[in-house]
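Shown next, in structure tokens, is the structure this report addresses.
Note that ligands are numbered from 1 as they come in the structure, with each ligand's atoms numbered from 1 the same way. Keep in mind that the numbers below use all heavy atoms, side chains included, and drop hydrogens, waters and symmetry copies. In this chain, numbering begins with 1 at the start of the sequence shown.
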Amino acid sequence: MSTTRPKYEAAAVETARQAAWAERDAFATPEPTPGARSIYIKPSSPFTSGKLHMGHVRDYSIGDAYARFRRARGDDVLFGFGFDAFGLPAEMAAIERKIPPADWVESCGERMLEQMRRLGFSFDYERVFYSSDEAQYRWSQWLFVTLLEAGLIYRDDTTVDWCDHCRTTLAALQVEDGRCWRCHNEVRLIRRPTWFLRITPYLEENDARLPELEPDWDEISLSTQRYILGRSDGVEVDLGGSGGTSLPAFTPHPDSAARASFVLLSPRHPEVEAWAGDPAVAAQLDELRSGGWERSARDAKSVPVVDTGASLEAPWNGAQLPLIVSPLVDARYGPTAALGIPAVDEADAAIAARVPRLDGASPEAGTAPAEAVPGGATDPDIRPTVRYRAADFSISRQRFWGTPIPVIHCQSCGPLPVPEQDLPVVLPRDIEPTGEGNPLAERAEFVDVACPRCGEPAKRETDTLDCHFDALWLWVPSAVPPEARAEEMFSHADLRRWLPSERLVAGADSGGFVFDQRVVTKALRDIGPFSFIEHGEPFSGCLFHEMVIADGRKMSKHLGNVVDPDDLVDRYGADTVRFAVLYAAGPAKTLNWNDGALRFAARFLNNVWVYSQDRFAGLDAAPEDPEAAADTEFMRERLRKWCDNGLSRITADLEELQMHKAVRNVTRLFERIQDFEKRVIQRRDAQLCRADAEAQVAALKLLARTLAPFAPHAAEALLLAAGGEDGAGLPGEWPRHLVLAAASSGAAAGS
Ligand SMILES: [Zn+2]
Ligand SMILES: [Zn+2]
């Protein structure tokens, strides 16, 4: 045991293991194994940016450890993803390089897949797809038409930024200080018809099901869902308008309802036109709506307000409450009406101070004396109710690089969905957008089409779908074999095998995507294709992790603090990088990257490598010594307990995806195994006898197996060095105990 083995050569080991995995197609999605559970682990869907960043490495290292662990436990695992390939960043990158976005996306995807393979992530690469593939977006179009027919997509006006010079609408990230990103001229807001996804019918269910998602959804993922819902509990009262009309208004302050001094109405309230009939008021309202208020609607001191001049009657004392329109309501309770109660609500007080007609409504001046406060839930005029801030959102963009919206506009028939047999509406692949105008609108062969109903000349919709829309179902295709996707994307039998996904692993900023995926799954359940997902939840479990930063700041080219995974893999090897990322912080914590974790991981893996190789090689030389074996039997027993305890901790950590704890427990287990040897040598004043050496080798093999989810290359190479056979048997079943032979010289092995 005195000869020192060569150090761990990451590059050689990793290349060899990756070649072996490719050779035997190790991560292909398995056919159903009798008695096995089928689980689908869904990592985040990367944008085709061209390079993995450390956030990806974190995401996939967690998901991959979990996938490898579940495979070792005997589950059938689907571990797959697709690229979120449409969208503005890809379009802008293509404009900069003067190439078609399709080419850019393809080259980015290839580079990123290469990086993933180098990091040893065990995806089923055969199932990888791009949302910008025709075979893929054909189903985005199918989903659009399906939701449109179900009344869950509608068309309404919204405001967008417009550049007169470039003759195009601009996305928020293309407006810099009120100027166009391309030509630097000032932009202005215009109103234009836009497609919206109606999520409001599913808000209550998305809320009600949150308790069912515990504990397999971690606290961050649940809190993002609560935040997006923006639930307020309160009461609703009917206020009387002129001519017998009435308007229900909400307040989260039930005990103070009678102290209301005005009513705040959302500009998106379905009845807002009826309450703002006066032409001067209607004009103001129009101005408010086109004033870009959506971006500045948070602050009660600056949010736009329009006094309608109308008043509503309070049921408790007949007081007249002025009706004010303001998007402040949306930002707090959604598109509804709310009581303004300056006495108890600071934002209401701020509004009251800005509207001349509300002059007397200082915080002290409630309109009703305290004893007239209605009796809460027992009062027939007051009903307990809930409001949600989450609102329908626009899904169409005036951009080229996206799924064409399958709609045809006919002068006589209006907007009509493209019939299903005519899908897909194909996006021209050869266009090189310049950022000027709308390239789709300028292509006659794309735009001019016959109306599917009356046959008269009609025009295609030239807006495309925002990539957020593609993302609504980006978790589905992996569950369908690639060759069946063209025909059976939403009807293939495998959907029932894999859905809902057992676990989503994604960044903490994915809450919005996940919320909308939960909505659409419920919609598809009610429409039919997903009727087998009774609770309408796409993910049974969910782990959200925070981001990776450097020097306490977000990584950015501008700050020069970007950590490049390729550089790290070059210097340290994939296993070290993966181990370090997991070791450095728990998922709920922002990972402030530093080389300390990396150096620790490199040292640890190298120590395990050299130490284990030494002991494996020295086993045969260990002398049989029955007397010594009898004397140290209690120590082997103690080693067995240490191993079993360590193993059960690591197993529990892996079950809960607490990989930072799991890797720490792996390092502790290694310390215990070293400690065993030290104590035996101390007691015997001699090298280990055969029985002790065998016990130690068994423990080291067990250690290698527990290491396999985190450092799969090194772990498998160690198991090979310990006499394992290369092939599908590696790294082997997840161990349950350290089994030691009862006889002092029998064979010892982990089982
Ligand atoms: Zn411009
Ligand atoms: Zn027509």
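Considering Val325, Val329, Thr336 in turn, Val329 is the only one that fulfils the side-chain contact (heavy atoms from CB on, under 4.5 Å) rule with Leu264. The side-chain hydrogen bond (donor to acceptor under 3.5 Å, both in side chains) test with His409 is passed by exactly one of Lys459, Glu461, Arg460: Glu461. Test Thr224, Asp509, Val505 against Phe544 for side-chain contact (heavy atoms from CB on, under 4.5 Å) and you get one pass: Thr224. Exactly one residue among Leu143, Val519, Ile533, Val476 makes a side-chain contact (heavy atoms from CB on, under 4.5 Å) with Leu524. That residue is Leu143.
Counting only protein N, O or S atoms, the number found under 2.8 Å from the Zn ion (ligand 2) is 4. Of all protein atoms, those of element N, O or S that lie under 2.8 Å from the Zn ion (ligand 1) number 4.
Salt bridge status for Asp463 with Arg192: present, with a side-chain N to carboxylate O gap under 4.0 Å. At a threshold of 4.0 Å, the pair Glu106-Arg429 does not count as salt-bridged, since none of the basic side-chain nitrogens sits closer than that to a carboxylate oxygen.
Counting only N and O atoms by type, the side chains of Ser266 and Asp330 include a donor and acceptor under 3.5 Å apart.
With a 6.0 Å cutoff to the six-membered ring centre and a 45° limit on the axis angle, Arg485 does not count as a cation-pi contact of Trp139. Note that Arg389 lies in the cation-pi zone of Tyr227, set by a 6.0 Å cut-off to the ring centre and a 45° limit from the axis.
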